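What follows is a short report on a single structure.
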Amino acid sequence: MNLMLDQIISTEVSAAIEDLLTGRSQGKTILIENGQPSDLDDAFTAFADRDVILFRSTLTLLDRTIFATIRELLLATKPIWSDWEWVHRDYFREVNAFFPDTYEGKQNVYQISYSWSEIRLNRDILWGFRMMHFASLLLKEVAAHKPLVIALHDVQHADRLTLQTMYHLLHNLKGEQILLVLHKRPYDTEGRQITVDSGAAMEKLFSFLIDALQPLRLIGSKATVAPAAPAKGTDQLPDDHIREIVESLRRGDWDAERIKTSLQNCIYIYNLDNVLTLCDEIFAHLPELAAEEERAMRFLVWRHAGLALAFMEMYPEAIHAFTQMHDYAGSLAERTKAYHLLALCYGKRVGRWDIAKQFLHEGIRITEGHNDFDTVYERCWLYNFLSYVTYLNDRDIPLAMQYANAAYEGIKPFSHMTQGNVMAELEDPKLPLRLFYNLSINISYLHYFAKDYESALDLWQNTVGESVKQIPDIFKKEYFYFEGNILNRLGRLEKALPSYERAYEICMAHSETLSAEVSTRPLGATNFQLKRYAEALQWYQRSLELKIELGDARQQGAYASIILCHLKLGDQAAAQRVFQEAQAQLPTRFQELFATGELAERANEFLDYGPYILIQPYTQMVV
């Protein structure tokens with residue numbers, strides 16, 4: 001132990017807290033590497049009676065659950081925010097997700113958000129962003145009420161959404177009056193057979209966090225990682241809590257069904273780190289099993305490991321996992337599923353579309369002549385993705401349409417087999433109706449890309465529209481948004497407006513701010529096309545307002561469109577004022593045309609029309 005190093009930590013943290021309380025600092029981040037939690041004891045004790053919120057939490061590898069630390073922090077500050085009217089009005093769904101049944105009989109975020117899809121390996125989870133944004137916004141307001149000091153010990157064991165919340169709070173929302181102290185030690189791999197969970201994914205996430213926050217870095221005495229503390233006593237552990245099942249595995253208790261359920265629960269709610277930890281424990285404690293039972297278990301474990309690694313952007317590791325999954329496949333359908341995931345990872349994530357197409361064509365070849373449902377189902381997903389690759393990479397719309405129609409005709413005989421919620425994203429049990437619906441959407445998209453808008457509209461309103469009728473309103477926002485875009489491209493601008501407005505209204509009714517912002521842009525553009533520049537201006541101003549609320553720095557499109565509206569309205573002074581405010585964000589060509597007075601005539605080059613579909617990536621989540 002180096003007492004001098006430890007004393008420096010205590011002194012620096014104390015000074016940072018004092019600066020926060022006396023207004024000499026608007027907050028900072030301190031990163032302490034190695035050391036012990038006790039290094040902060042004196043500093044926290046010294047300020048215990050001051051007008052400041054002091055929060056400390058020690059994180060452990062086996063007790064990390066989604067937002068566990070954030071839930072603790074919200075609970076600790078609840079006396080401050082529990083009476084705030086805007087929380088009850090706009091964020092009751094998020095509160096119900098953090099604290100179930102706070103608002104009895106009302107929805108939570110999970111019930112109204114698309115879950116992520118393993119089929120598409122989509123890394124953006126809407127419910128995760130909503131909860132992250134709510135917690136960040138709430139903590140920002142709490143800190144404005146009373147300075148907030150957050151110390152996270154053994155932060156290497158944090159769940160990733162807690163880290164992303166800290167990033168969003170301090171980097172995107174620019175939360176002030178907050179001191180964040182991150183105490184980090186080596187990732188706990190001692191005594192475990194490391195197959196997938198080396199801590200590399202968390203190190204990658206930390207690099208984003210540290211680069212953005214630029215903390216004061218301090219070094220503590222070298223220290224080994226303390227043994228993980230048992231979970232806090234509770235009658236009802238979260239579904240993604242793994243300590244109990246890991247300890248049972250270490251005792252030699254093997255319960256295959258319970259293991260499967262635990263893996264599924266963890267990945268379903270995006271606890272990717274728990275998936276990897278649990279996978280390693282399963283491999284390390286796999287007993288002697290019958291050959292088929294062991295094969296099935298290894299297939300299942302590698303599949304979940306691959307999905308988690310792909311979401312973490314650990315692509316070589318994910319490809320290795322999916323290759324192992326393929327090697328343990330017990331049926332042609334399982335082998336085809338592995339080909340699909342390999343193609344997705346190589347194509348969408350690594351950008352090697354040539355390799356992706358090889359897997360897709362090989363999977364289609366080996367399944368030819370096999371007409372059992374499981375194999376047909378997987379083959380149709382290959383055709384579906386091949387259609388996407390052929391359009392996106394080769395720009396061959398007719399061939400892409402052939403592939404999509406092959407999948408459509410292939411699954412059509414099975415579309416009656418099951419009834420269910422077509423919005424359900426998990427594929428077990430397999431739902432032909434969901435694939436049928438997905439293909440209908442994609443074929444409509446292809447008609448749209450081919451500028452055959454009449455065919456796109458016909459399929460969208462008649463086939464897709466029939467599927468949409470029975471689902472909750474919140475899931476219809478994408479339907480109305482794309483319908484508006486088809487109508488717009490057909491020149492039916494007056495008819496497009498109600499579709500866009502319906503999408504916006506649905507989003508706002510469910511406090512779906514992220515999608516609401518996207519839907520404002522075509523409302524602005526369509527009004528602009530109709531020469532209703534005052535209405536267009538209102539929608540683009542609303543877009544900018546929502547972007548600021550969301551902490552979204554991608555604002556140049558909104559600013560450019562606002563300036564164009566002012567110019568069309570003949571308000572040169574207002575245009576000049578906004579131009580001066582946003583000049584640093586605006587493209588050079590835009591600035592040149594503004595200076596020469598030619599901008600208003602070149603509006604189509606810079607007007608923000610919004611994406612063709614409502615869903616778009618959001619940068620607020622780090623990984």
Side-chain angles (χ1 to χ4, degrees), residues 86 90 129-130 132-134 136-137 140-141 168-169 171-176 477 481 484-485 488 497 500-501 503-591 593-594 599-600 602-621:
W86 61 270
D90 299 330
F129 171 75
R130 287 191 58 152
M132 180 183 77
H133 179 66
F134 161 68
S136 303
L137 186 62
K140 180 181 179 181
E141 295 300 320
H168 186 53
L169 168 63
H171 184 259
N172 296 322
L173 297 183
K174 313 299 182 189
E176 298 179 346
K477 59 185 185 291
Y481 183 92
N485 272 339
N488 181 292
L497 284 173
Y500 292 135
E501 287 168 359
Y504 175 79
E505 289 163 0
I506 289 172
C507 295
M508 292 306 297
H510 293 84
S511 300
E512 184 45 76
T513 312
L514 192 81
S515 299
E517 187 282 314
V518 177
S519 67
T520 60
R521 297 184 228 164
L523 278 163
T526 305
N527 276 292
F528 194 98
Q529 289 170 294
L530 288 166
K531 300 184 179 180
R532 298 171 185 166
Y533 302 121
E535 290 87 342
L537 176 61
Q538 290 177 357
W539 283 114
Y540 282 124
Q541 286 174 331
R542 179 62 174 150
S543 170
L544 181 59
E545 179 183 282
L546 291 173
K547 281 180 177 291
I548 293 169
E549 181 182 324
L550 290 162
D552 189 343
R554 299 168 294 185
Q555 298 171 8
Q556 70 174 38
Y559 275 119
S561 301
I562 288 169
I563 291 168
L564 288 166
C565 289
H566 283 308
L567 291 175
K568 289 292 188 180
L569 288 166
D571 193 342
Q572 185 69 38
Q576 183 67 43
R577 186 171 60 251
V578 177
F579 179 83
Q580 292 300 326
E581 177 185 339
Q583 188 170 359
Q585 299 187 44
L586 297 170
T588 302
R589 180 63 176 158
F590 184 96
Q591 296 184 45
L593 291 171
F594 183 83
L599 185 60
R602 309 287 289 273
N604 289 341
E605 294 180 30
F606 302 101
L607 197 68
D608 193 341
Y609 289 88
Y612 74 93
I613 58 173
L614 184 59
I615 301 171
Q616 67 168 14
Y618 35 92
T619 60
Q620 293 91 330
M621 293 181 70

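Bear in mind that the values here come from a model prediction, so they are computed numbers and not experimental data.
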**Message:** So Lys477 and Tyr504, do their side chains get closer than 4.5 Å, heavy atoms only?
**Reply:** no

**Request:** Measure the CD-NZ distance between Gln556 and Lys547 for me, rounded to the nearest 0.5 Å.
**Result:** 9.5 Å

**Asked** Rounded to the nearest 0.5 Å, what separation is found between the NE2 atom of His133 and the CD atom of Glu549?
**Response** 5.5 Å

**Asked** Do any N or O atoms from the side chain of Gln591 and from the backbone of Leu586 form a donor-acceptor pair under 3.5 angstrom?
**Response** yes

**Prompt:** When you measure from the side chain of Thr520 to the backbone N and O of Arg542, does any donor-acceptor pair fall under 3.5 Å?
**Reply:** no

**Prompt:** Is the shortest heavy-atom distance from the side chain of Glu545 to the side chain of Glu517 under 4.5 Å?
**Reply:** no

**Message:** What verdict does the side chain to side chain contact (heavy atoms under 4.5 Å, CB included) test give for Tyr559 and Asp608, after you've listed the backbone C-alpha separation in whole Å, the side-chain angles of each residue and the deciding distance to 0.1 Å?
**Reply:** CA-CA 9 Å; Tyr559 275 119; Asp608 193 341; over 6 Å; no

**Request:** Indicate the ring-plane relationship of Phe579 and Phe590, choosing parallel, tilted or perpendicular according to the 30° and 60° boundaries.
**Result:** parallel

**Request:** Mind running side-chain hydrogen bond (donor to acceptor under 3.5 Å, both in side chains) on Tyr500 and Asn485 for me, showing each step along the way?
**Result:** CA-CA 8 Å; Tyr500 292 135; Asn485 272 339; 2.6 Å; yes

**Asked** If we ignore angles and hydrogens, is there a donor and acceptor under 3.5 Å between the side chains of Asn604 and Tyr609?
**Response** yes

**Request:** May I ask you to decide if Leu173's main-chain N or O and Lys140's side chain share a donor-acceptor pair within less than 3.5 Å?
**Result:** yes

**Asked** Is a donor on one side and an acceptor on the other found under 3.5 Å between the side chain of Arg130 and the backbone of Leu514?
**Response** no

**Asked** Are any of the side-chain heavy atoms of Asn172 and Asp552 separated by less than 4.5 Å?
**Response** no

**Request:** Quick one: do Leu550 and Phe129 satisfy side chain to side chain contact (heavy atoms under 4.5 Å, CB included)? Show the steps, please.
**Result:** CA-CA 10 Å; Leu550 290 162; Phe129 171 75; 3.9 Å; yes

**Item:** pair Leu564-Glu605: side-chain heavy atoms closer than 4.5 Å
**Value:** no

**Tyr540 side chain to Ala525 backbone, donor-acceptor under 3.5 Å** = yes

**Asked** If we only count heavy atoms from C-beta on, is the Gln529 to Asn488 side-chain gap below 4.5 Å?
**Response** yes

**Prompt:** To the nearest 0.5 Å, what is the distance between CD (Gln576) and CG (Leu567)?
**Reply:** 9.5 Å

**Fill in**
dist Arg532:CZ -> Leu537:CG (nearest 0.5 Å) comes out at 15.5 Å

**Item:** Interatomic distance, Leu546 atom CG to Cys507 atom SG [nearest 0.5 angstrom]
**Value:** 10.0 Å

**Prompt:** Is any side-chain heavy atom of Ile548 less than 4.5 Å from a side-chain heavy atom of Gln555?
**Reply:** yes

**Any donor-acceptor N/O pair, Ser519 side chain to Ala516 backbone, under 3.5 Å** = yes

**Item:** Member of Asn527, Leu569, Asp571 meeting the side-chain contact (heavy atoms from CB on, under 4.5 Å) criterion with Tyr533
**Value:** Leu569

**Request:** Please examine the side chains of Tyr481 and Val518, heavy atoms only from C-beta on, and report whether any two atoms are closer than 4.5 Å.
**Result:** yes

**Prompt:** Can you find a heavy atom in the side chain of Lys568 that is under 4.5 Å from one in the side chain of Phe528?
**Reply:** yes

**Inter-residue atom distance Glu501.CD - Ile506.CD1, 0.5 Å rounding** = 12.0 Å

**Over all atoms of both residues, closest heavy-atom pair of Arg521 and Ser543** = CG-OG, 4.0 Å

